[in-house]
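Structure first, then comments.
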Amino acid sequence: MTHPARVHIRRDSPENSAGRFVLYWMQQAQRARANPALEEAVRLADERGLPVVVGFGLDEHYPDANLRHFAFMLEGLAETARELEERGIGFVLRRGRPPEVALDLARHARILVCDRGYLRHQRQWRDLVAERAPCPVVEVEGEVVVPVEAASDRAEIGARTLRPKIRRLLDAFLDLPDERGPRRRAAADLETLLDPDDPEALLATLDVDRSVLPVRRFRGGTSEAEARLARFLEERLEGYAEARNDPGRAATSELSPYLHFGQISPVAVAVAVQGSGAGSPQDRAAFLEELVVRRELSCNFTWHVEDYDRFSALPGWARATLSAHAGDPRPALYDIEELEAADTHDPAWNAAMREMRETGYMHNYMRMYWGKKILEWSRSPEEAFATALRLDNRWFLDGRDPNGYAGVAWCFGLHDRPWPERPVFGKVRSMTAAGLARKFDVGAYIRRVDALLRAEDGKQMTEDG
DNA sequence: ATCGGCTCGCGCAA
DNA sequence: TGCGCGAAGCCGAT
């Protein structure tokens with residue numbers, strides 16, 4: 001059952017008596033399963049004997065989105081549309097700014113239900129819809145385990161201050177929504193652009209940035225996400241606490257692209273891991289730390305810090321120390337084109353950049369090293385911050401996400417503490433190639449990336465080599 | 001190989 | 001008001 005704290009009445013106006021259906025404006029939670037917003041729409045529709053229509057606004061000019069993101073998203077939406085169809089729920093995809101698509105469909109809706117996002121524009125879209133809809137608007141949180149405002153009313157200083165607050169509430173928010181049975185079809189007079197059996201046809205017509213190509217490594221969709229979760233539980237949870245930080249080993253869940261597009265529910269993942277017989281209690285705790293504490297600390301950051309995508313969002317001590325060292329000589333200087341081309345003197349860094357560029361993903365430990373080096377190799381910390389964010393948002397399938405903003409900012413001192421003063425970094429935690437080599441087999445990571453790149457090229461397609 | 005020191009601010013005990 | 005301690009650090013001393 002959905003926890004009542006997930007549900008917010010955003011507009012408390014009389015129901016639209018001319019409404020023919022309950023509208024679920026789907027934007028963030030792009031899935032047909034374990035979706036509390038969808039199930040709330042179904043419940044409201046059942047009470048009124050109405051059909052449910054799911055509407056999605058596809059914005060070709062969505063901030064920083066490119067062909068790679070759209071290909072992954074449309075694969076997922078096609079599957080979601082097919083699953084909704086099986087439940088007798090219509091799926092309508094239209095081009096346009098999401099709030100405009102939602103408001104247009106809302107003219108025929110008795111009630112509008114929406115989901116939730118934690119970035120600036122996602123909040124603005126929902127504010128606009130709540131302000132202008134001709135019917136009640138209900139917002140349902142389904143993208144974090146513990147809703148951000150239930151967990152904390154302020155910008156947390158670090159994981160250590162958020163962790164106890166999350167822990168207290170965790171069990172109450174492992175709440176999967178009840179799913180109701182099939183229903184009668186919605187009125188079929190609503191035009192949609194997506195053929196659920198051929199998402200590529202729509203992709204081909206989109207006026208989007210085509211300079212970033214789709215990847216083979218990640219196929220979009222809920223069933224793919226669930227297959228990865230199952231593989232993680234079977235093969236990777238055992239030993240996760242110890243292996244997760246070694247970039248040379250494929251020991252992580254690699255679920256972040258699916259979580260970013262809402263193709264899998266974080267609550268469903270948490271429940272599956274907690275209920276799994278695999279791994280030790282430490283392994284399960286280590287994964288829940290990543291999935292819940294760290295991921296939701298990122299949402300706390302973008303929710304409470306207005307300028308989360310700028311240098312000014314960093315804590316005062318970090319800004320002060322980085323500025324004090326802005327004039328230090330750099331061991332190397334690269335511009336954004338050289339970085340993007342993975343053309344530096346550092347083989348481990350280059351491998352990380354290629355993993356990002358060619359496969360849309362990077363091992364989490366390398367994300368830290370990658371960002372720390374951009375700080376070290378740029379003319380100023382402000383420029384480094386902007387460069388890291390640009391690359392993050394452009395190449396990652398899970399970019400343009402609270403985790404991306406918090407992850408980049410962490411490299412510049414966010415959610416961290418001061419460390420001994422060093423050139424360029426000041427008191428911000430540094431990382432070095434020597435440290436990387438001390439802890440891990442860097443060659444193993446480089447070889448693993450080489451294999452991933454060959455798979456992208458299609459030169460090595462067999463599973464067992 | 002392991003250990004302490006580096007540094008700031010929160011949260012809790014006193 | 002004092003004290004412990006923290007996402008993954010580094011370095012130099014044992």
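So you know, we letter chains A, B, ... as the sequences are listed, proteins then strands, and number each from 1. Nothing here was measured: the structure is a model prediction, and the numbers come from that model.
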Could you work out which one of [options] sits closest to the side chain of [X]?
| X | options | result |
| --- | --- | --- |
| A/T161 | C/dC10, B/dG11, B/dC8 | B/dG11 |
| A/W419 | B/dC10, C/dA8, C/dC10 | C/dA8 |
| A/E290 | C/dA8, C/dC10, B/dG11 | C/dA8 |
| A/W317 | B/dC10, B/dC8, C/dC10 | B/dC8 |
| A/R160 | C/dG6, C/dA8, B/dC8 | C/dG6 |

Residue among A/L38, A/T80, A/L93 satisfying side chain to side chain contact (heavy atoms under 4.5 Å, CB included) with A/M26: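 Considering A/L38, A/T80, A/L93, a side chain to side chain contact (heavy atoms under 4.5 Å, CB included) with A/M26 is found only for A/T80.
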A/H415 NE2 - B/dG9 P separation (whole Å):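 To the nearest whole Å, that distance equals 15 Å.
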Interatomic distance, A/L375 CG vs C/dG9 P [rounded to whole Å]: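 So the two atoms are 17 Å apart, to the nearest Å.
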Any A/K439 side-chain N or O less than 4.0 Å from OP1/OP2 of C/dA8: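 Checking C/dA8 against A/K439, no side-chain N or O comes under 4.0 Å of OP1 or OP2.
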Phosphate contact (C/dC10 OP1 or OP2) by A/R438 side-chain N/O below 4.0 Å: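 Yes, such a contact exists.
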Whichever of A/Y365 and A/P418 has its nearest DNA chain C nucleotide further upstream toward 5':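 Between the two, 5'-proximity favours A/P418.
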Distance between P atoms of C/dC10 and B/dG9 (Å, rounded):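 My reading of the P atoms in C/dC10 and B/dG9 gives 23 Å.
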C/dC5 to B/dA14 separation - P atoms, rounded to the nearest Å: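 The answer is 14 Å between these two P atoms.
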Audit row: A/D401, A/L119, side chain to side chain contact (heavy atoms under 4.5 Å, CB included) steps and yes/no: CA-CA 8 Å; A/D401 185 279; A/L119 301 181; 5.9 Å; no
Sugar-phosphate only, base, or nothing, as touched by A/G158 at under 4.0 Å among non-hydrogen atoms: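 Nothing: the residue A/G158, judged by heavy atoms under 4.0 Å, touches no strand.
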Spacing of A/R123 atom CZ and A/T302 atom OG1 [to the nearest 0.5 Å]: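 Output value for this atom pair is 6.5 Å.
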